[in-house]
Protein chains: 2
Amino acid sequence: MESVISDADSCIVHQFEKMVELSESEINLLAALERDARKFDSGERLAFAGEYSDRFYTLRSGWACAIKTMADGQRQILDIFLPGQILGLREIGLSHSLTEFRALTPIEACPFPKQRLTEIFEKSPRLTDLFFLIMAREQAMLIERIVNIGRRNAAERLAHFIVEMKVRLNQRACEFHLPMNQSVIGDTLGISSVHVSRTFKHLRDLGLIDNKNGQIEINNLEGLIDLSGFDRTYLETYPDWTRLTKPSKRGY
Amino acid sequence: MESVISDADSCIVHQFEKMVELSESEINLLAALERDARKFDSGERLAFAGEYSDRFYTLRSGWACAIKTMADGQRQILDIFLPGQILGLREIGLSHSLTEFRALTPIEACPFPKQRLTEIFEKSPRLTDLFFLIMAREQAMLIERIVNIGRRNAAERLAHFIVEMKVRLNQRACEFHLPMNQSVIGDTLGISSVHVSRTFKHLRDLGLIDNKNGQIEINNLEGLIDLSGFDRTYLETYPDWTRLTKPSKRGY
DNA sequence: CGATTTCTTGATTCTAATCAAAAACAGTGG
DNA sequence: CCACTGTTTTTGATTAGAATCAAGAAATCG
């Protein structure tokens, strides 16, 4: 198989290296998941809910999301994916997709067969631990989302979402582009698009943010965090790596 | 270590055997997670949020839940655990607990060190796959919960919750005991306890259920499913077991 | 049986949904 | 560069759903 993308360039390897130092062979295993990049237009669907699916995608560039559409046409967005993430990891072991995956911007995504992960499990217990960890962190995000939707009002939800995106984008600067229209944001937060507009205005009036044309500028991060009840530990609660620091014993 | 409980009796082994046939050695590995049963009173806490934790619990009998408490004292219940489940699986790799775990009834739970799971990963790739699968199914439940809370009104949420519990309890009969008061149910569904009461009345008035003293009787399951928009596939979407049917190649 | 918790019901308030229409903006082709 | 089109955002008016407050009824526990 020919590598279109050099391994050093791999988003997913970067992602993993943020967590732990990788061996040569581990880098190769991971980078193999990110060949064969395909382009998708903004709004294009990568997979349908309920459809048979034997593959995942790694996201190389752009933003994507997982969507669940209800019988009456309402939608709930469940994840926002950034480059380096794997789309659909939670569907390992399921033959049919639980959710729809859709590009939020023009993206490059690299399909690979689910089976490839099982192979990694067999070859590298260390990467197995890491994949387990990634799933665990995705669950942590889902949990935070449940709390957000279940127990916070619109202003708190939106504030929380903005802080979360800022943290995930790892921006030093307090300004970033959010490639989601207010209808999509509403579907993420469980509120109507009209109310998203009002809530943005409310946050502006409070002097917490400015937003214009999909650009978010945070004027008062502390204020946003206070309002939202953002749990600083939730993305920072860093793993207990002790058992991962030793090099892999088994082969590969 | 002395075995208080015979392996054949292990809840967690039963749970796994629902999914796939286990070898002798796999049964031993799993059953080892369920020795040393400890009793907890109804309402007792097994772990605090934010606390250092190097252990999981397997739940042997009774019901438990995971709770997130917010700064202002509001609570959101994130999971309801039934016998055979592992409490806190999602916190593998995190040194501190994300949520609080609390008994909903008097329970027996068996603590075991997180490390034990890593050992299982090293010894049995087949069980590794299964643990991944379990996490994946937990995520599927969290997703359904997000949709439930984000996009359904109180009647739909409660109806959905009742159907979900019925399915999870695997009851042929349409009557079961729900050991949660209406305040706890409200914290699960993201509505107030008062509104839970009204919503039960509403479902009774529609002739869908009867409920009294924590006992639920479903009078019209189809009606409940229709009202709630329950996705029949979501707990039924059964795994693609093909790659699990072959026996383990590696040792153990 | 009394004490405490849980459930029910009513009245009121608040938040957000819905409906509708205008304003702002982005993309297109001339 | 501008006029045209479609989309997105904003704003207002109204309605609906659920929270809150409060008090009485029912169930549970010791």
(message) For C:dC25 and A:Lys212 - does any side-chain N or O of the residue sit under 4.0 Å from the phosphate oxygens OP1/OP2?
(response) yes
(message) Rounded to whole Å, how long is the line connecting atom CG of A:Asp187 with atom P of C:dA17?
(response) 11 Å
(request) Please name the pair of heavy atoms, one in A:Glu34 and one in A:Ser10, separated by the smallest distance, quoted to 0.1 Å. (result) OE1-OG, 2.9 Å
(request) Would you kindly give the CD1-to-P distance between B:Ile149 and C:dA16, to the nearest whole Å? (result) 16 Å
(message) Consider side chain to side chain donor-acceptor pair (under 3.5 Å). Of B:Lys201, B:Glu217, B:Glu175, B:Arg204, which one does B:Asn211 pass it with?
(response) B:Arg204
(request) Specify the angle, to 10°, made by the local axes at the two ends of the helix from C:dC1-D:dG30 to C:dG30-D:dC1 when five pairs are taken at each end. (result) 50°
(request) For B:Ile185 and C:dT6, give me the distance from atom CD1 to atom C1', rounded to whole Å. (result) 11 Å
(request) Indicate yes or no: does B:Arg145 engage B:Glu164 in a salt bridge with an N to O separation below 4.0 Å. (result) yes
(message) What does the B/S/- profile of nucleotides 6-22 of chain D look like, 5' to 3', with a 4.0 Å heavy-atom cutoff to protein?
(response) --SSBBBB----BSBB-
(message) Between B:Glu108 and B:Ser61, is there a side-chain donor-acceptor contact under 3.5 Å, judged purely by atom types and distance?
(response) yes
(request) Using a strict cut-off of less than 4.0 Å between a Lys/Arg side-chain nitrogen and an Asp/Glu carboxylate oxygen, indicate whether A:Arg45 and A:Glu100 qualify as a salt bridge. (result) yes
(request) Flag the pair B:Asp210 and B:Lys212 as a salt bridge only when some basic side-chain nitrogen lies within less than 4.0 angstrom of an acidic carboxylate oxygen. (result) no
(request) Would you mind checking if B:Arg137 and B:Glu144 are paired as a salt bridge, meaning a charged N to carboxylate O distance below 4.0 Å? (result) no
(message) On a heavy-atom basis, which atom in A:Gly190 and which in A:Gln76 lie closest, and how many Å separate them?
(response) CA-OE1, 4.1 Å
(message) Can you measure A:Asp41 atom CG to C:dG27 atom C1' for me and round it to whole angstrom units?
(response) 15 Å
